[in-house]
Amino acid sequence: MPKDFVNLLADLKEEEVIKLTTQRLEAGDEALTILEDSRKAMELVGDRFAKGQYFIPELVYSGELLKQITELVKPHLAQSGETKRLGKVVIGTVAGDIHDIGLNIVDFMLDVNGFEVYNLGVDVPAEKFVEKMKETSAPVLGLSGFLTLAFDAMKDTVEALEAAGIRGKMKIMIGGGQMDDEIVKYAKADAYGGDAMAAVSLAKKWIGAK
Amino acid sequence: MTWQEKREERFKRWLSPNVKFATPEAEKLYKERLTRFIKAIKMEKPDRVPVQIPGGSFPAHYSGTTLRTLMYDYDALKKAWMKFIRDFDMDLYDSAGLIFSGRVYEILDYRLYQWPGHGLPSDVSMHQFVEDEYMKADEYDAFIKDPLDFSFRYFLPRTWGTLAPLGHLPRFDATLGLPFQLLSICSNPDFQPVFKAMREAGQELEKWQVVVGECGQLALETGCPSAAGGMALAPFDTFADIFRGTRGIAMDIYRQPDKLLEALEIVTPRSVESAVTAADFAGCPMVFIPLHKGADNFMSSQQYEKFYWPTFRKLLLGIINEGCVPIMVADGSYNDRLEVIKDLPRASVIWIFEQTDMAKAKEILGDSACIGGNVTAAQLYTNTPQAIKEYCRWLIEVCGKGGGYILTLGSSVDRCDPENLQAVIGAAKEYGVYK
């Protein structure tokens with residue numbers, strides 16, 4: 001049954017997977033087991049995205065299905081449902097830019113791949129990034145920006161981290177519409193990721209997870 | 001008439017604008033520049049590769065002011081635009097109308113954008129689109145039944161805050177045979193602010209239009225052809241960008257694909273008509289079509305061929321058949337779409353690419369369509385003029401072969417070293433001459 005569940009979710013069969021979730025709960029399956037299966041399914045979704053079989057609609061839709069399943073499962077969860085996390089990643093769209101679609105997809109993919117994500121949202125001032133990096137001691141920072149004005153905002157953010165003396169404690173990845181390797185150099189970041197799976201791979205590489 | 005004959009008529013009109021040129025040289029320059037551009041469209045060899053720099057908000061930066069100032073101070077807009085046009089020797093110019101009046105937005109409480117000083121810091125150089133579900137998932141039936149009614153009573157009240165009371169209107173077909181039904185609106189106190197705001201917006205808009213008109217006139221007189229014709233959106237983008245948003249459209253693709261497909265068919269002929277009407281009015285056959293959610297990494301090839309291309313192709317054919325010229329600016333990369341989009345009449349459109357592999361684009365589209373683009377905002381922002389010029393030289397050598405090529409940017413640019421834009425223009429002149 002779990003294998004069916006994983007495939008149904010990864011194949012985005014909404015009606016069937018929701019029905020099966022209810023059945024499993026009624027049959028007394030552990031809520032945590034169902035969530036673990038969901039995570040496996042989302043890993044498949046991520047793989048398919050990385051291989052160019054899935055695209056944005058599939059990521060968004062799978063996220064919606066996961067949300068529905070989580071809602072169903074939640075009331076059955078014991079309080080101590082803490083899952084093991086790979087490591088912390090802070091992300092946010094830099095100052096002056098309010099685009100959040102890509103940011104939220106990255107958030108989602110990092111989350112389902114086991115990272116503890118601190119999403120600071122959009123139009124985030126450099127000081128707020130500095131503050132959060134100090135507070136969490138996260139080893140990875142993801143800066144998102146869609147517009148050309150984000151070039152300077154990214155650079156400013158990195159420089160603020162330098163000024164705070166903590167730049168060396170982290171790796172910084174950037175992503176979004178107009179970004180590329182030129183902007184990595186310009187903003188003094190460490191790498192550019194072309195999509196949400198690239199963000200996951202970079203975070204895994206830097207955190208040393210497999 | 002065939003579409004080519006209709007287009008020739010339009011080209012003739014474009015080449016002979018209703019204007020008194022400042023000097024005979026200006027007239028000569030105007031015709032030279034436009035002929036260069038028209039030949040590229042027709043996949044012929046012009047005297048040299050035509051070059052164009054999309055305006056964006058660069059003229060604000062270039063004249064030492066902000067986008068916000070240009071949106072609110074029309075005299076500053078005129079000054080900045082004319083300086084941009086005077087200093088950059090291009091073959092085709094954007095209209096100052098690209099910088100819209102911030103005052104009109106404010107009077108009508110525009111919800112689709114945030115702009116400098118209105119949701120964004122005053123000194124930013126762009127406005128930003130606010131994605132939302134301006135059409136709800138369960139409103140396809142309302143759209144399909146009557147798109148005009150949908151626009152009036154659902155879409156407009158959500159995009160212009162001041163027009164919100166339109167959402168409480170009875171259906172307009174109440175007036176069919178009973179014209180008095182319309183008057184009931186006039187006595188409704190909810191509508192008094194709507195009428196007042198519309199009147200105020202109209203007066204403000206007129207002030208802006210006068211200045212934009214003057215810019216256009218001055219540009220023409222000094223020999224600068226304008227690219228401002230009509231505008232359209234690919235039917236899928238109408239829904240994915242504007243009506244439903246990224247999340248909404250992803251749901252629709254899975255939950256109600258048939259309704260989405262039906263709605264795409266319905267919007268297509270309407271978009272053709274409005275684009276062609278605007279081109280008629282402007283006296284310029286170009287129809288600008290920005291492309292967004294059909295890019296390589298947004299959807300699969302199967303999805304593109306099912307949801308994006310069929311109605312997009314119909315839209316293009318509709319515009320082409322009226323003698324107009326669709327000019328697409330494809331954001332992101334379009335590598336996986338090149339074979340599909342080839343399926344159009346030869347030399348009927350222009351494709352401007354942003355991050356698409358230009359050598360591949362030339363290889364696949366080289367026999368069928370004019371292409372251009374690809375100098376990216378990131379390059380212009382970070383590279384030296386020498387590096388930009390070298391890159392443009394490479395573009396010209398690869399894509400310019402045999403004609404059917406325009407040297408231009410992959411998107412508009414808000415800020416960069418002005419010398420980098422001069423380097424683009426310089427490259428066209430130095431390396432783009434056809435022998």
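Here is how names work: the chains are called A, B, and so on, in the same order as the sequence lines, proteins then strands, and each is numbered from 1. Owing to the predicted nature of the structure, the values given are computational and were not obtained by experimental measurement.
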Legend entry - Proximal component of B:D296, with respect to chain A [non-hydrogen, under 4.5 Å]: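 B:D296 touches chain A through backbone heavy atoms alone.
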
Legend entry - Segment of B:R415 engaging chain A (4.5 angstrom heavy-atom cut-off): side chain

Inset, instruction - Check the surroundings of atom NZ in B:K136: do more than 12 heavy atoms from other residues, nucleotides or ligands lie under 6.0 Å from it? - result: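 Counting neighbours around NZ of B:K136, more than 12 heavy atoms of other residues, nucleotides or ligands fall under 6.0 Å, so yes.
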
Inset, instruction - Give a yes or no on whether B:K259 atom NZ has more than 12 heavy-atom contacts from other residues, nucleotides or ligands under 6.0 Å away. - result: no

Legend entry - A:D180 versus chain B, the contacting section by heavy-atom distance below 4.5 Å: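 Just its side chain gets close to chain B.
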
Legend entry - Distance-minimising heavy-atom pair for B:F298 and A:P57: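 Shortest heavy-atom separation between B:F298 and A:P57 comes out as O-CD, 2.9 Å.
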
Legend entry - Closest contact, heavy atoms only, B:T382 versus A:E182: OG1-OE1, 3.5 Å

Inset, instruction - Could you check A:N104, A:L59, A:I56 and say which one makes a side chain to side chain contact (heavy atoms under 4.5 Å, CB included) with B:T246? - result: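 With B:T246 as partner, A:N104, A:L59, A:I56 yield a single side chain to side chain contact (heavy atoms under 4.5 Å, CB included), made by A:I56.
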
Legend entry - Stepwise side chain to side chain contact (heavy atoms under 4.5 Å, CB included) check, A:Y61 with B:R255: CA-CA 10 Å; A:Y61 189 51; B:R255 285 184 176 158; 4.1 Å; yes

Inset, instruction - Give, for atom CD1 of B:I253 and atom CD of A:E58, the distance between the pair rounded to the nearest 0.5 Å. - result: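 It comes to 7.5 Å.
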
Inset, instruction - Any chance you could measure A:F151, atom CZ, to B:L380, atom CG, to the nearest 0.5 Å? - result: 9.0 Å

Inset, instruction - Determine yes or no for a side-chain-to-main-chain donor-acceptor pair under 3.5 angstrom, with B:Q128 supplying the side chain and A:G96 the backbone. - result: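 Flag set: sc B:Q128 to bb A:G96 pair under 3.5 Å.
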
May I ask you to name which of [options] has the most heavy-atom pairs under 4.5 Å with chain A?
options	answer
B:L120, B:I249, B:N297, B:D331	B:N297
B:M126, B:R247, B:M299	B:M299
B:G332, B:A378, B:P121, B:S125	B:A378
B:Q302, B:E131, B:Q303, B:Q379	B:Q303

Legend entry - Results of side chain to side chain donor-acceptor pair (under 3.5 Å) for A:Y186 - residues two or more places apart only: A:D152

